[in-house]
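To start, the structure itself, in structure tokens.
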Amino acid sequence: MSKEKKLVESITSRSENFSQWYTDVVRNAELAAYSSVRGCMIVRPLGTAIWENCQKDLDRRFKETGHVNVLMPMFIPEGLLQKEKDHVEGFAPEVAWVTHGGEEKLQERLCVRPTSETLFCDHYAQIIQSWRDLPKLYNQWVSVVRWEKTTRPFLRTTEFFWQEGHTAHATAEEAIEETHRMLNVYADFLEETLAIPVIKGQKTDKEKFAGAEETYTVEAMMHDGKALQSGTSHFFGDGFARAFNIQYSDKNNELQYVWQTSWGMSTRIIGAMIMVHSDDSGLVLPPHVAPTQVMIVPIAQHKEGVLDKANELKDALKEVVRVDIDDSDRMPGWKFSEHEMRGVPLRLEIGPRDIKNNQVVAVRRDTGEKTILSIDDLTETIPALLETIQQSLYDAAAARLSERIYDATEWAEFTQLIAEKPGFVRAMWCGDLACEEQIKDETSATSRCLPFEQEQLSDTCICCGKPAKHMVIWGKAY
RNA sequence: CGAGGUGUAGCGCAGUUGGUAGCGCGCCUGUUUUGGGAACAGGAUGUCGCAGGUUCAAGUCCUGUCACCUCGACCA
């Protein structure tokens, strides 16, 4: 009726225009706002609270795997940036430069960090001397700047917030192990906390990080079938160590270069979370990351005892979940829509009728399902219900992912799948850059990764027909 | 960076042949309301994106410029 009409007016239907729907959710849920700086967003309180929960969770996982946090400068002298050739070539087009301090022109211009490999390397060269100094397991939580041509809130912004881990190891094996360990940390975080199923794999040479020997990735599928690279972990070999002269004396008193890694995850995952779970009523937050997990909406709150009872519920529940109460003078219906828009996983309605019956009405954000719960054991039923919601969001996303991965063994089949079926296509590849580029030119799909779980779908490359080396997941990507 | 679109109140928009700046929602005050975006009464809010130009007069016409959106290109 008029309510539905209004909601449709404020949020474009997801099936009608996915991009507009995404923008509408970000704006209506008050996750972020546009700023007066091109391509830079203001992360509003809800978006910030979600990011803080991501940070808390990830930081705990980093600490559990032995890492410590540091803070590096935001500027990189031009000379330092240029020490590693592939790296600087990769980032040069999107670097912002500081040329003046006050009115004075700088002797050497400073780049606003697009990533901090060079700063960490410069520092590691100073502090690593002996095998006893290894490994170095550093991480930092900062923002970086990349002068992107097209920006979208969370998905690609000029400045974005992230963490970047940078480690130095005595052996290649140890560094490779670290690379995989952190990729698994990302995968676990995405699956357990954001309820986003991922595919783990390796990037092709074309898609790997500038300066990396190998790049590993966790790829997620959005609701429209497009891929979003959600976290990456890089093995650098000793390339940076040689460029920056990071050497240590081993147990035999021989000089050795260190072996390095880096890994990062950014505010982009908030975009992933939106595009995986949210719907036409707005944001849907997985309970594990939701700043408010339960919103209590009192009904007829002016009536004797209603607010008291609602506050009593809140006090009891706050021991076990993140709960809030909306006692503003809005109409209940308005509050329902508002908290749905903002993604609160569970709403509890309590009014005179419920109080009389010693019950509350619980409404799930993900399914809209209403259940009546006894007030007596809410501290057990509510956390359990939140776990159910978390699991069910994951299951639904996992089902969409597996339903929309197709296999192709013939070129015609491949191009048709890419063109007509939103999702990923698995196909064999010879390993040549030429084929990868041809596939991109002709289908606009890129190689997302060489999944760790390989299968021999056929013996020949989907593109050129030469003997196949790898199974690749192809898809259109953000 | 290319093509297209949009800039007028917090948000969404209208504004005719150039002639006093408008509407809806929201906001503020009060009263009544409250189980899916309440009703009534009263009230506040504008460098019309910005800079030039034409004109007695510009939101409206001209030139330039900036920003944002969509689709491409580019991109770890």
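What you see below is based on every heavy atom in this structure, not just the backbone, and it leaves out hydrogens, waters and symmetry mates. As the structure is a computational prediction, the values presented were derived from the model and not from experiment.
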Heavy-atom distance under 4.5 Å between the side chains of [X] and [Y], does that happen here?
X	Y	answer
A:Leu137	A:Phe62	no
A:Gln229	A:Arg268	yes
A:Asp326	A:Glu338	no
A:Val142	A:Met72	no
A:Gln82	A:Thr118	no

Applying the salt bridge (charged side-chain N to carboxylate O under 4.0 Å, His left out) test to A:Lys203, which of A:Glu219, A:Glu213, A:Glu214 qualifies?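 So, applying the salt bridge (charged side-chain N to carboxylate O under 4.0 Å, His left out) to A:Lys203 and each of A:Glu219, A:Glu213, A:Glu214, only A:Glu219 qualifies.
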Is A:Lys226 close enough and on-axis enough to A:Tyr478, meaning under 6.0 Å and within 45°, for cation-pi? yes
Select from A:Glu94 and A:Ile350 the residue whose nearest nucleotide in RNA chain B is closer to the 5' end of that strand. A:Ile350
5' precedence on RNA chain B between A:Phe91 and A:Thr151 (nearest-nucleotide basis): A:Thr151
For a quick check of understanding: with a heavy-atom distance under 4.0 Å over all strands, which category does [X] fall into, base, sugar-phosphate or nothing?
X	value
A:Pro298	nothing
A:Lys440	sugar-phosphate
A:Val361	base
A:Phe160	base
A:Gln229	base
A:His302	base
A:Gly39	sugar-phosphate

When the [atom1] atoms of [N] and [M] are considered, how many whole Å apart are they?
N	M	atom1	answer
B:rU55	B:rG18	C1'	9 Å
B:rU45	B:rG10	C1'	9 Å
B:rG59	B:rU20	C1'	14 Å
B:rA51	B:rA67	C1'	15 Å
B:rA58	B:rG52	P	14 Å
B:rG12	B:rC68	P	15 Å
B:rG15	B:rA21	C1'	9 Å
B:rA9	B:rC50	P	10 Å

Between [options], which nucleotide gets closest to the side-chain atoms of [X]?
X	options	value
A:Trp334	B:rG37, B:rG35, B:rC74	B:rG37
A:Met331	B:rC75, B:rG36, B:rG35	B:rG35
A:Arg156	B:rC75, B:rU34, B:rA73	B:rC75
A:Gln20	B:rC69, B:rC75, B:rC74	B:rC69
A:Lys149	B:rG36, B:rG35, B:rC1	B:rC1

Separation of [N] [atom2] from [X] [atom1] (nearest whole Å):
X	N	atom1	atom2	result
A:Glu148	B:rC1	CD	P	14 Å
A:Asp280	B:rG37	CG	P	19 Å
A:Lys303	B:rU32	NZ	P	15 Å
A:Asp329	B:rU29	CG	C1'	12 Å
A:Glu369	B:rG36	CD	C1'	17 Å
A:Asn17	B:rC69	CG	P	14 Å
A:Lys476	B:rC75	NZ	P	18 Å

Step through it carefully: locate the ring centre of A:His180, locate the ring centre of A:Tyr216, and say whether they are under 6.0 Å apart. yes
Can a donor-acceptor pair under 3.5 Å be found between the side-chain atoms of [X] and the base atoms of [N]?
X	N	answer
A:Glu340	B:rG36	yes
A:Ser444	B:rG72	no
A:Arg27	B:rC11	no

Please state whether the phosphate of [N], meaning OP1 or OP2, lies under 4.0 angstrom from any side-chain nitrogen or oxygen of [X].
X	N	result
A:Ser19	B:rC71	yes
A:Arg152	B:rU70	yes
A:Arg330	B:rC27	yes
A:Thr23	B:rU70	yes

Going through the checks in order, is the salt bridge (charged side-chain N to carboxylate O under 4.0 Å, His left out) test met by A:Glu437 and A:Lys440? CA-CA 5 Å; A:Glu437 286 181 333; A:Lys440 190 183 173 183; over 6 Å; no
Can A:Ser281 and A:Glu340 be counted as having a side-chain donor-acceptor contact under 3.5 angstrom?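 Short answer, no.
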One character per nucleotide, please: for nucleotides 41-46 of chain B, 5' to 3', B when the base has a protein heavy atom closer than 4.0 Å, S when only the sugar-phosphate does, - otherwise. ------
Let me have RNA chain B in dot-bracket notation, would you? Count Watson-Crick plus G-U wobble pairs, both distances under 3.5 Å, and use [ ] for pairs crossing earlier ones and | for inter-strand partners. (((((((..((((.....[..)))).((((((.....)))))).....(((((..]....))))))))))))....
Is A:Asp24 salt-bridged to A:Arg14, cutoff N-O under 4.0 Å? no
Quick one, A:Thr443 with A:Thr415, criterion side chain to side chain donor-acceptor pair (under 3.5 Å). Give me CA distance, side-chain angles, the key distance, then yes/no. CA-CA 6 Å; A:Thr443 68; A:Thr415 53; over 6 Å; no
Could you check whether atom NZ of A:Lys469 has more than 12 heavy atoms from other residues, nucleotides or ligands sitting under 6.0 Å from it?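 Counting neighbours around NZ of A:Lys469, 12 or fewer heavy atoms of other residues, nucleotides or ligands fall under 6.0 Å, so no.
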